[in-house]
Protein chains: 2
Amino acid sequence: MARTAAVSPITASRALRGERAVAAELVERVRQAADALGYVPDPAARALASQRSVLVPVLVPLLSNALFVDVLEAVQRQLAPEGYQMLIGVTHYDPLEEEKLLASYFAMRPAGLLLTGFDRTPEARQRVAASGVPCVHLMETTRADDVYCVGFSQQDAGECMTQHLLERGYRRIAFVAAQLDPRTLQRAEGYRRSLRAAGRYDAGLELLSPEASSLRVGGELFAQLLRAHPDVDAVFFCNDDLAQGALLAAPRLGVAVPGQVAIAGFNDLAGSEQMLPALTTVRTPRSSMGEAGARMLLSLMRGEPVARNCVDLGFELTVRSST
Amino acid sequence: MARTAAVSPITASRALRGERAVAAELVERVRQAADALGYVPDPAARALASQRSVLVPVLVPLLSNALFVDVLEAVQRQLAPEGYQMLIGVTHYDPLEEEKLLASYFAMRPAGLLLTGFDRTPEARQRVAASGVPCVHLMETTRADDVYCVGFSQQDAGECMTQHLLERGYRRIAFVAAQLDPRTLQRAEGYRRSLRAAGRYDAGLELLSPEASSLRVGGELFAQLLRAHPDVDAVFFCNDDLAQGALLAAPRLGVAVPGQVAIAGFNDLAGSEQMLPALTTVRTPRSSMGEAGARMLLSLMRGEPVARNCVDLGFELTVRSST
DNA sequence: CTGAAAGCGCTTACAG
DNA sequence: CTGAAAGCGCTTACAG
């Protein structure tokens, strides 16, 4: 290719990358030769010579949750145009699985790394730090100033929804959760904080199940809760999956929503507004987290300074007719 | 590393890859040295020297459809243990976007390729063929014998569901679709074939909308259909998203399901069995397609022969209470 | 069964 | 602004 353009390989390389100053005329000649020959630089050779790849692993707990899919799509939209290749790793909420994934990704000399939350094994944490690979954490915030993150306060969001239920006049407010990942537990903490402050906290009204979240499980937990506590007048489900399941189960259980029991969810997933009644929930900044997280990582990978190490994107209480 | 084990680099390389015969004692020594030093071969150097990468792009239309997520998870489960790295590309049902993605992936010298269906630009098709990169097509079947595929007959599945509705005694059977991707249109063809054979085909009962599929759109199209054709007694929705939306909208529209109108979907997505009434649908072999497709690709990448170039995994009519 | 040599296709660092 | 040399860390092909 360099020969076709009648320049040295280095000049061709520089012309193609737009690096340093190359005479405009030469750049043009190189570009035409490249086009004519369909030349595309070999990424392996490039990575080997420059000692840095273009790979950016992104680790998420699940793909079967629209939440993470939205984040990933946003990340991809930011990284691809800059020449980076996103690699999706699924941890299934298992820190050990995440640790193994990280090991296999570090073997690839990644350019950057995007992680979900802060909950991981000490080994994983240490490997990330030791690698020197730029890393941004998504979904949560932290007060620590030695890590980078883009997210929102899960605890505040949990508290906000509970506060809404209190203000609506509900008094026996239950919290139902499945999966029990760190962010779910942070929301539970917000729920407790709110009810304790109102003097209405009752640990018996927390129904926490370790099984995976789904519509079916939502309906089952809802039935179980009402059996044990017929006096419950509102239920805060840790996510919309469960809440939608409860909404679908309500007619079968002969429960009027919100007349007899109010139902609230979390995340504002697809379908929540279509439910009958439409589901009150918390809208979370999924695309913005992916976008801002990716942009922060881009800055770090380029060695540029970032304004703040931790960005809080907030959330939005979305009141509909189920409460 | 080779020095620590006191062998030559080539021997170390061979020992680690398990290639050719290396004395068991040396293998052991090399392995221990690698462990002790935390040595991991550089994939870029490996790719450059061996002239083949470990990258396998998988192109799907969307991530926001559980259908493709299930396929991707299955593919990942097969490829990762064999040392291949899946790269997810999202085409948004746009052949031009797919063509661009393919170009950027071919620049990486991929080891293999997994595509969704057969609908792409001639340029894309030609690039794939010219590249010589092993490629398996997912989701559909074909009679062509110069391509590899793992899927099922979308048309037969559409016909099967329509046949079921006819057997149930429904006579004014509508077909409602959104997105209008190739597979949706194949299902429509099956619907037509079945009704024509029964002498009950009425083109007026097809409602085809190009907008993206969602619960909301399902409800809207259902309402629109009933307004135009109050005598419809069954609706075959091209996917469960739409059907679920219709099911949720039915009470609002004052329509009894299946009493007044039967509703059927396609794909058996999460939630379809939780609906009230539970949704009749077609269960499609998503995980098996991902798994079998990945295994076929694995064979091709290794240069092994494959039994059949096109594998039909079938589908399963799943009758519940909505019909 | 093991190894010395050459080379994969780029980029870095040093000259000029 | 341009280039000759060296080298990134592996594997291939050839010997022995």
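Just so we're on the same page: letters track the sequence lines, and every chain starts at 1.
The side chain of Ile10(B) has dA5(C) as its nearest neighbour among dC8(D), dT12(C), dA5(C). The side chain of Arg14(A) has dA13(C) as its nearest neighbour among dC10(D), dA13(C), dC8(D). Residue Ala23(B) has its side chain nearest to dT2(C) when only dC8(C), dG9(C), dT2(C) are considered.
Salt-bridge formation is detected for the pair Glu140(A)/Arg183(A): a Lys NZ or Arg NE/NH1/NH2 atom is positioned less than 4.0 Å from an Asp or Glu carboxylate oxygen. The residues Glu98(A) and Arg125(A) are annotated as not salt-bridged, no charged nitrogen and carboxylate oxygen being separated by less than 4.0 angstrom. Electrostatic pairing of Arg286(B) and Glu291(B) does not count as a salt bridge here, judged by no charged N lying under 4.0 Å from a carboxylate O.
When the P atom of dC1(C) is taken as reference, atom CG of Leu26(B) falls 11 Å away, rounded to whole Å. Separating the CZ atom of Arg52(B) from the P atom of dT11(D) is a distance of 10 Å, rounded to the nearest angstrom. The interatomic distance linking Arg109(A) (CZ) with dC8(D) (C1') rounds to 11 Å, in whole Å. Straight-line distance from the CG atom of Leu16(B) to the C1' atom of dG9(D): 13 Å, rounded to whole Å. In this entry the distance linking CZ of Arg29(B) with C1' of dT2(C) reads 12 Å, nearest Å. As a whole-Å value, the separation of Asp42(B) CG from dG9(D) C1' is 6 Å.
Nucleotide dG16(D) has dC1(C) as its partner under the Watson-Crick or G-U criteria, with both atom distances under 3.5 Å.
Within the 4.0 Å cut-off from OP1 or OP2 of dT12(C), not a single side-chain nitrogen or oxygen of Arg46(A) is found. A close approach under 4.0 Å does occur between a side-chain nitrogen or oxygen of Arg17(A) and OP1 or OP2 of dT11(C). Between Thr11(B) and dT2(C), a side-chain N or O to OP1/OP2 separation shorter than 4.0 Å is absent. An OP1 or OP2 oxygen of dG9(D) is reached within less than 4.0 angstrom by a side-chain nitrogen or oxygen of Gln51(A).
Between Ala44(A) and Ser50(A), the residue anchored closer to the 5' end of DNA chain C is Ala44(A), taking for each the nucleotide with the nearest heavy atom.
In this pair, Phe118(B) and His137(B) present their aromatic rings parallel. The plane angle is below 30°, not in the 30 to 60° band.
Arg308(A) contributes no side-chain N or O that, together with a main-chain N or O of Val306(A), makes up a donor-acceptor pair within less than 3.5 Å.
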